[in-house]
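Below is one structure, written out as structure tokens; comments come after it.
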Number of protein chains: 2
Amino acid sequence: MPAKRPPARSTAGHSPQEHAPLELERFLPYRLSIVSNTVSQAIADDYQRRFDLGVTEWRVMAVLARFDGLSAREVAERTAMDKVAVSRALARLVQAGRVSRAVHDGDRRRSVLNLTEAGWAIHDEVAPMARRRERELLAKLDGEEQAWLGRILDKLMPDHEPPP
Amino acid sequence: MPAKRPPARSTAGHSPQEHAPLELERFLPYRLSIVSNTVSQAIADDYQRRFDLGVTEWRVMAVLARFDGLSAREVAERTAMDKVAVSRALARLVQAGRVSRAVHDGDRRRSVLNLTEAGWAIHDEVAPMARRRERELLAKLDGEEQAWLGRILDKLMPDHEPPP
DNA sequence: TGCAAATGGTTTCATATGTAACTATAACGG
DNA sequence: CCGTTATAGTTACATATGAAACCATTTGCA
């Protein structure tokens, strides 16, 4: 262990002015990002290696499992990803035979996307995993806290009203 | 507006089994990541362009503002970044004359890091900005919600006890 | 001592991601 | 109709990020 550890004093005795440094560990956006990244990473680790499936790809699969025949743009709306990310995720998914892509009748710019059998098979393995992780996360909170967290996230969520 | 929008039914009438698709917008890790990314991005936009300063660099500056003479590894601990990210951030900061790097007496592997005058000048502009953004974020919540959020994040935070 | 293992830090390489430019098709206005 | 503008999606480029290999130094210990 190293000989000296300077005391955790503030403003580094540097100059006359008060520098009011930010305390990262009490800074809300910082804490949010730590928690969020830790959680996402834990979940992703479950399927990332096993299925060679990225987070973005999984999100696309998740919406296609609920809404079939979406276009790439609609997928983007529902996943809060931008269209480039969706395009790339789809390229991999189609390539891997997990999603089928057809052309929309009457608008040949649009794709019509669906999970394939292989896609469904993966979905049906990953979805329960993800839910299990979510439960593990929530298990750290008591019921009251869980309820508050839900409400708070609703309030903080940028209004991103997907079509009903 | 396009002619048809398929109803939001589940499981895509695909096969006999129940597919139990994940509802992303109710999935906690997903919502967390949306909120976190939105907030971080909003803050970063403030200084990113103005000072050509990345989020990682700002975090390094923030800890150096509170603790002078840290080594890179100590910075990494306090920012929850990995050492590669810290190394890179430091390279840019030192290059830009915002952080000074010396060699530790008695352990020549270690660096001894400090903000320079230029670094302090930037810090003193960015820190209040960041705080203002945090206040804006919290303004969306009432007092009770703010308190709960703080407690909840504490509980969800991975135990990452930096040395006192 | 002296040498294996550990530590601080940087570099390398493969991937991921964001922005802007681009292609193709469709919608609109005269 | 025909040119302009808008939309769906992809490509290209630049930058960011993570994992592992890598150097230098220090520590531990026989």
Side-chain angles (χ1 to χ4, degrees), chain A residues 1-5 33-34 36-38 40-42 44-45 48-49 52-60 69-96 99-113 163, chain B residues 1-5 33-34 36-38 40-42 44-45 48-49 52-60 69-96 99-113 163:
Chain A
M1 196 162 292
K4 62 180 178 185
R5 170 200 298 154
S33 101
I34 300 286
S36 167
N37 291 341
T38 306
S40 290
Q41 198 48 51
D45 285 349
Q48 207 98 57
R49 308 226 169 199
D52 184 30
L53 185 70
V55 178
T56 56
E57 290 159 59
W58 165 244
R59 284 188 183 174
V60 170
L70 292 186
S71 70
R73 194 187 56 76
E74 291 167 319
V75 169
E77 275 180 8
R78 295 204 175 265
T79 52
M81 293 162 56
D82 73 83
K83 64 180 187 169
V84 179
V86 170
S87 171
R88 285 194 270 238
L90 282 171
R92 293 204 65 198
L93 290 168
V94 170
Q95 161 67 31
V99 167
S100 68
R101 172 156 49 189
V103 175
H104 187 104
D105 306 356
D107 186 346
R108 298 195 320 205
R109 292 169 303 180
R110 300 192 173 197
S111 347
V112 177
L113 302 164
Chain B
M1 195 166 292
K4 62 180 179 184
R5 170 200 296 154
S33 99
I34 300 286
S36 169
N37 291 341
T38 306
S40 291
Q41 199 47 52
D45 285 349
Q48 209 98 52
R49 310 228 167 196
D52 185 29
L53 184 71
V55 178
T56 57
E57 290 159 57
W58 165 244
R59 283 187 183 174
V60 169
L70 292 186
S71 69
R73 192 188 57 75
E74 291 168 318
V75 169
E77 275 182 9
R78 296 206 175 264
T79 51
M81 293 161 56
D82 74 84
K83 64 181 187 166
V84 180
V86 170
S87 172
R88 285 194 270 237
L90 282 172
R92 293 204 66 198
L93 289 168
V94 170
Q95 162 66 32
V99 167
S100 68
R101 173 156 48 188
V103 175
H104 186 105
D105 306 356
D107 186 345
R108 298 192 321 205
R109 294 168 306 180
R110 299 194 172 197
S111 353
V112 176
L113 302 164

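No experiment lies behind these values; they were computed from the predicted model shown. Throughout, a chain's letter reflects where its sequence line sits, starting with A, and its residues are numbered from 1.
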Rounded to whole Å, how long is the line connecting atom [atom1] of [X] with atom [atom2] of [N]?
X        : N      : atom1 : atom2 : answer
B:Met81  : D:dT17 : CE    : C1'   : 11 Å
B:Lys83  : C:dT12 : NZ    : P     : 16 Å
A:Arg110 : D:dT10 : CZ    : C1'   : 17 Å
A:Asp82  : D:dG9  : CG    : C1'   : 12 Å
A:Gln48  : D:dT17 : CD    : C1'   : 13 Å
A:His104 : D:dG9  : NE2   : C1'   : 15 Å
A:Arg92  : D:dT10 : CZ    : P     : 15 Å
B:Leu90  : C:dG8  : CG    : C1'   : 12 Å

State whether a side-chain donor-acceptor pair under 3.5 Å links B:Glu74 with B:Ser71.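 On atom types as modelled, these side chains qualify, holding a pair under 3.5 Å.
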Test item: A:Ser87 and A:Met81 side chains (from C-beta on) under 4.5 Å apart, heavy atoms: no
Ignoring the backbone of A:Arg109, work out which of D:dT25, C:dA26, D:dA16 is nearest its side chain. C:dA26
Taking the minimum atom-to-atom distance to the side chain of A:Arg73, which one of D:dG9, D:dA6, C:dT7 wins? D:dG9
Could a donor-acceptor pair under 3.5 angstrom be found where the side chain of B:Arg108 meets the base of D:dT25?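 It does not, because no donor-acceptor pair links the side chain of B:Arg108 to the base of D:dT25 below 3.5 Å.
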Look at the side chain of A:Arg88 and the base of C:dG18, then say whether one donor and one acceptor between them are separated by less than 3.5 Å. yes
For DNA chain C, whose closest nucleotide is more 5', that of A:Thr56 or that of B:Arg101?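 Looking at the nearest nucleotide for each, B:Arg101 comes out on the 5' side.
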Mapping A:Asp107 and B:Ala72 onto DNA chain C by nearest heavy atom, which one lands closer to the 5' end?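 Counting from the 5' end, the first nearest nucleotide belongs to B:Ala72.
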Need to verify one output field. Residue with the more 5' nearest nucleotide on DNA chain D, A:Ser71 or B:Gly106?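 Result: A:Ser71.
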On a heavy-atom basis, the closest approach of A:Ala80 and B:Ile34 is CB-CD1, 3.4 Å
Heavy-atom closest pair, residues A:Arg108 and A:Val103: CA-CG1, 3.6 Å
Under 4.0 Å from OP1 or OP2 of D:dG9: is there any side-chain N or O of A:Ser111 that close? yes
Pairing of B:Arg73 and B:Glu77 as salt bridge, 4.0 angstrom limit: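 Between B:Glu77 and B:Arg73 there is a salt bridge, with a charged N closer than 4.0 Å to a carboxylate O.
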